[in-house]
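Here's the structure we're looking at; comments come further down.
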Amino acid sequence: APQRPRFFIQEIVMARATAHIGTDQYATTLHVAGRILTADEPEDNDGKDAGLAPYDFLLSALASCTAITLRMYADHKGWPLKAVDVALHFYRDGEKEIIDRVVTLDGDFTPEQRERLLQVTERTPVTKTLKQGLTIATTLRGA
């Protein structure tokens with residue numbers, strides 16, 4: 001791919017991660033935000049279930065972003081949010097991939113506050129990224 005001139009790129013780094021897999025089928029070491037995590041496949045997919053599967057990480061990102069964003073918003077507004085629980089279910093229906101999200105709020109809210117929290121849920125950063133899609137630019141190195 002042709003190199004783009006740096007002065008035309010407005011780049012804001014949101015996150016960085018690296019993954020390394022050797023011959024230990026399929027355990028993968030991830031380095032993210034100064035932490036070391038392990039990804040793997042479940043035993044029924046020939047892995048050893050030594051860590052979360054890739055889609056588990058995807059759902060974890062969406063669930064945590066949803067909970068954190070709602071907590072931040074309620075704190076900012078001074079609303080009586082005691083707890084947030086987010087349940088996700090990823091499945092395929094023919095060619096379509098779907099994530100069902102159920103958000104349970106613990107707190108005494110007006111109908112207007114509940115509606116606003118629903119709107120905020122639909123605008124969390126990871127929700128927006130997943131719904132709009134993103135560009136993945138790949139470079140292959142090595143032999």
- Task: Quick one: pull up CG in Leu59 and CG in Leu52 and give me the separation to the nearest 0.5 Å.
- Result: 10.0 Å
- Ignoring hydrogens and geometry, is there a side-chain-to-backbone donor-acceptor pair from Arg35 to Ala33 under 3.5 Å? yes
- Show your working on side chain to side chain contact (heavy atoms under 4.5 Å, CB included) between Val102 and Val86 and close with a plain yes or no. CA-CA 6 Å; Val102 177; Val86 181; over 6 Å; no
- Given the rule in the side chain to side chain contact (heavy atoms under 4.5 Å, CB included) test, do Leu30 and Phe57 qualify, once you have shown the distances and angles that lead to the verdict? CA-CA 11 Å; Leu30 306 167; Phe57 279 109; 3.8 Å; yes
- Query: Does Leu88 belong to the same Ile/Leu/Val/Met/Phe/Trp/Tyr cluster as Phe90, with side-chain heavy atoms less than 4.5 Å apart forming each link?
  - Reply: yes
- Message: Can a donor-acceptor pair be found, under 3.5 Å and without considering hydrogens, that links the side chain of Thr129 to the backbone of Pro125?
- Response: yes
- Please walk me through it: do Ile98 and Arg92 pass side chain to side chain contact (heavy atoms under 4.5 Å, CB included)? CA-CA 6 Å; Ile98 300 166; Arg92 289 188 176 97; over 6 Å; no
- Query: Are Leu130 and Tyr55 connected, step by step, through hydrophobic side chains (Ile, Leu, Val, Met, Phe, Trp, Tyr) whose heavy atoms are closer than 4.5 Å?
  - Reply: yes
- Query: Can any side-chain N or O of Asp40 pair as donor or acceptor with the backbone N or O of Gly51 at less than 3.5 Å?
  - Reply: no
- What residues form a salt bridge (charged side-chain N to carboxylate O under 4.0 Å, His left out) with Lys131, not counting sequence neighbours? Glu122
- Query: What distance do Glu41 atom CD and Asp56 atom CG have between them, rounded to the nearest 0.5 Å?
  - Reply: 9.0 Å
- Message: Within the 4.5 Å heavy-atom criterion, are Tyr91 and Asp100 side-chain neighbours or not?
- Response: yes
- Note on the structure: Sorted by chain and number, sequence neighbours left out, side-chain contact (heavy atoms from CB on, under 4.5 Å) with Ala17 holds for Val32
- Partner residues of Glu115 under the salt bridge (charged side-chain N to carboxylate O under 4.0 Å, His left out) criterion, sequence neighbours left out: none
- Task: State, yes or no, whether a side-chain contact exists between Thr29 and Ile36 at a heavy-atom distance under 4.5 Å.
- Result: yes
- Message: Working note: Thr121 + Thr127, criterion side chain to side chain contact (heavy atoms under 4.5 Å, CB included); need CA distance, chi angles, decisive distance, verdict.
- Response: CA-CA 8 Å; Thr121 299; Thr127 299; 5.7 Å; no
- Query: Going by atom types only, do Asn45 and Tyr26 share a side-chain donor-acceptor pair under 3.5 Å?
  - Reply: no
- Task: Apply salt bridge (charged side-chain N to carboxylate O under 4.0 Å, His left out) to Glu95 and list each qualifying residue two or more places apart in sequence or on a separate chain.
- Result: none
- Between Arg116 and Gln119, do the side chains contain an N or O donor and an N or O acceptor separated by less than 3.5 Å? yes
- Is Leu58 reachable from Leu37 through a run of I, L, V, M, F, W or Y residues, each pair having side-chain heavy atoms under 4.5 Å apart? no
- Does Ala83 offer a backbone N or O that forms a donor-acceptor pair with the side chain of Asp106 under 3.5 Å? no
- Message: Can you list everything that forms a salt bridge (charged side-chain N to carboxylate O under 4.0 Å, His left out) with Asp24? Sequence neighbours excluded, please.
- Response: Lys48
- Message: I need the Leu117 CG to Trp79 CH2 distance, nearest 0.5 Å.
- Response: 5.0 Å
- Item | Straight-line distance of Thr28 OG1 to Ile21 CD1, nearest 0.5 Å | 3.5 Å
Taking distance alone, no hydrogens or angles, what donor-acceptor pairs closer than 3.5 Å link side-chain atoms of residues 61-72 to residues at least two apart or in another chain?
{"residue": "Ser64", "atom": "OG", "partner": "Ser60", "partner atom": "O", "Å": "2.8"}
{"residue": "Ser64", "atom": "OG", "partner": "Ala61", "partner atom": "O", "Å": "3.3"}
{"residue": "Thr66", "atom": "OG1", "partner": "Leu62", "partner atom": "O", "Å": "2.7"}
{"residue": "Thr66", "atom": "OG1", "partner": "Arg101", "partner atom": "NH1", "Å": "2.9"}
{"residue": "Thr69", "atom": "OG1", "partner": "Cys65", "partner atom": "O", "Å": "2.7"}
{"residue": "Arg71", "atom": "NH1", "partner": "Asp75", "partner atom": "OD1", "Å": "2.9"}
{"residue": "Arg71", "atom": "NH1", "partner": "Leu81", "partner atom": "O", "Å": "3.0"}
{"residue": "Arg71", "atom": "NH2", "partner": "Leu81", "partner atom": "O", "Å": "2.8"}
{"residue": "Arg71", "atom": "NH2", "partner": "Lys82", "partner atom": "O", "Å": "3.4"}

